[in-house]
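Below is one structure, written out as structure tokens; the observations come after it.
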2 protein chains.
Amino acid sequence: MQSGRLSDFAYSSIKEQLTRGAYKPGHKLPIRSVAEMLNVGATPAREAINRLVFEGALVMVGPKTVIVPHLDLTALYEVTQMRLALEGLATERGTLRATNDVVDKLLALQEKITLSLDERRYSDALHDNKEFHFTIYRLCEMPRLLSTIEALWLRVGASFHDLYPEFAEAKYGVHNHLAAIEGLVDRDPSAVRAAMENDIRDGYRRLKKAAQERLKRQ
Amino acid sequence: MQSGRLSDFAYSSIKEQLTRGAYKPGHKLPIRSVAEMLNVGATPAREAINRLVFEGALVMVGPKTVIVPHLDLTALYEVTQMRLALEGLATERGTLRATNDVVDKLLALQEKITLSLDERRYSDALHDNKEFHFTIYRLCEMPRLLSTIEALWLRVGASFHDLYPEFAEAKYGVHNHLAAIEGLVDRDPSAVRAAMENDIRDGYRRLKKAAQERLKRQ
DNA sequence: TTCATAATTTTGTTATCACAAAAATCATGA
DNA sequence: TCATGATTTTTGTGATAACAAAATTATGAA
């Protein structure tokens with residue numbers, strides 16, 4: 001179940017819950033409740049929560065209240081800009097180190113994604129979509145860059161997770177992913193970057209639209 | 001002296017020490033020592049240290065040993081690439097919002113920097129250099145971007161701080177800063193970005209060279 | 001001296017407790 | 001019904017102690 005530090009276990013657990021959309025925006029995360037739920041003491045729970053606040057995955061709305069962040073279009077925009085810059089960098093660097101094995105893996109992933117979308121298994125599609133992106137980003141072998149990008153994904157993932165299903169419906173991304181794969185085959189950094197940027201921007205627009213509609217309904 | 005949370009106080013204190021180069025690379029930071037030095041309990045000290053480890057400003061070299069990172073050219077390169085991407089973004093966005101007041105402030109800062117360099121007050125020069133950069137970055141009003149950039153500065157600042165004096169000697173940067181100011185006057189985003197990128201790259205090269213020479217000497 | 005090993009000290013982690021402050025609940029009056 | 005103030009509960013923070021494991025030092029043999 002858990003190995004080593006309880007703080008890390010608590011951190012991973014909450015993070016996992018967040019990326020699975022287990023908590024609705026606004027949901028409170030008091031230390032003692034988290035501690036009880038995970039069967040750990042207050043100290044590891046506290047540490048995990050604070051770390052997630054530092055990373056921006058959770059927000060403090062009062063001196064003693066940490067919640068799952070509400071939809072925040074400003075944050076979404078800002079994170080998108082940072083994603084374009086950093087994932088663009090990772091993509092260009094990665095393309096130069098691409099191998100045929102990676103291309104095959106991406107093709108397989110893309111087939112899985114398409115299948116998942118057809119069968120409306122959005123959660124699976126989103127999971128493999130993330131794997132698709134990070135398979136490319138991992139190529140550049142820049143661990144610090146990678147962890148920064150991961151933090152950005154978590155940031156929007158937390159508050160926008162429940163929008164992803166309606167976001168995935170549109171099947172945006174398929175075309176961009178295929179373009180990215182073609183660019184990788186050609187070892188053409190700027191082509192792959194353009195495809196990935198397009199993917200990020202499409203996602204941003206779709207997510208923003210869904211968020212605006214939801215905000216209007218309430 | 002300290003207001004509110006002791007953890008934050010401890011965090012800021014250590015961070016301050018790091019950016020001032022108070023600790024040599026390899027210096028150990030055991031919880032209890034830090035706690036005693038800052039006159040706080042173990043909990044705040046522990047929290048501050050862990051946070052700095054997460055951010056990459058300190059490194060864990062064993063299950064129970066946290067040290068100030070040694071010179072690491074790989075990390076320097078990686079952080080530089082991220083800086084180019086993120087500070088480039090901040091610069092372009094900021095340029096669009098530049099005002100004459102900001103230009104005046106930058107001119108004043110640049111005069112201070114030049115004076116400090118002439119009088120060999122490198123610490124002052126470096127401080128104002130940072131202020132110069134962040135005065136531009138603050139313009140875009142993207143707080144999440146800004147804090148990410150700050151973390152990057154801290155990252156290299158910690159292990160490369162004692163190289164900055166010999167780095168500053170060369171007076172690199174002056175020309176780039178002036179070019180940036182001119183670009184701001186013209187409200188020309190890509191001009192300012194080019195100047196800032198050049199500044200970052202010059203700094204990287206100088207720092208890398210100094211680090212290599214030092215590594216050779218030992 | 002050098003290296004492996006044993007003894008000792010140091011250290012990180014976690015649970016627990018006390019306290020002050022914040023948040024929630026309730027009561028009251030218009 | 002709603003605002004407002006008082007009361008109760010909940011909560012984050014920080015100190016402390018116990019424990020296991022790591023780091024350090026001491027030891028001894030080759």
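Just so it is clear: chains get the letters A, B, ... in the order the sequence lines come, proteins before strands, and each one is counted from 1. All of these numbers come straight from a predicted model, not from anything done at the bench. Quick note: numbers below take in every heavy atom, side chains included, and nothing from hydrogens, waters or symmetry partners.
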Every protein N/O lying under 3.5 Å from an N/O of nucleotides 20-23 of chain C:
from    : atom 1 : to     : atom 2 : distance (Å)
dA21(C) : N3     : K64(A) : NZ     : 2.9
dA23(C) : OP1    : T65(A) : OG1    : 3.2

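Residues R155(A) and E55(A) are not paired through a salt bridge, judged by the lack of any N-O separation under 4.0 Å between the basic side chain and the carboxylate. Taking the charged nitrogens against the carboxylate oxygens, R93(A) and E78(B) have no contact shorter than 4.0 Å, which rules out a salt bridge. The residues E36(B) and R32(B) are annotated as not salt-bridged, no charged nitrogen and carboxylate oxygen being separated by less than 4.0 angstrom. A salt bridge does not link E47(B) with R51(A): none of the charged nitrogens is closer than 4.0 Å to a carboxylate oxygen.
In plain terms, the two heavy atoms of A57(A) and A158(A) that are nearest each other are O-CB, 3.6 Å.
In terms of position on DNA chain C, the residue among P44(A) and S33(B) whose nearest nucleotide sits closer to the 5' end is S33(B).
The aromatic rings of Y137(A) and F134(A) sit perpendicular to each other, their planes meeting at more than 60°, with 30° as the lower class boundary. Using a 30° and 60° split on the angle between ring planes, H177(A) and H133(A) fall in the perpendicular class, above 60°.
Atom CG of L38(B) is separated from atom P of dG14(D) by 13 Å (rounded to the nearest Å). For the pair Y11(A) OH and dT13(C) C1', the computed distance is 19 Å after rounding to whole Å. In this entry the distance linking CZ of R51(A) with C1' of dG12(D) reads 20 Å, nearest Å. When rounded to the nearest whole Å, the span between CD1 of I49(A) and C1' of dT13(D) equals 13 Å. Rounded to an integer number of Å, the gap from E47(A) CD to dT13(D) C1' is 14 Å. Look at CD on E36(A): it is 12 Å from P on dT16(C), rounded to the nearest Å. What separates CD1 of I31(B) from C1' of dT9(C) is a distance of 17 Å, to the nearest Å. The distance from atom CE of M60(B) to atom C1' of dT13(C) is 11 Å, rounded to the nearest whole Å.
Nearest nucleotide to the side chain of T43(A), out of dT13(C), dT13(D), dA15(C): dA15(C). When the nucleotides dG14(D), dG12(C), dT11(D) are ranked by their closest atom to the side chain of P30(A), dT11(D) comes out on top.
Taking side-chain N and O atoms only, R32(B) has no distance below 4.0 Å to OP1 or OP2 of dT10(C).
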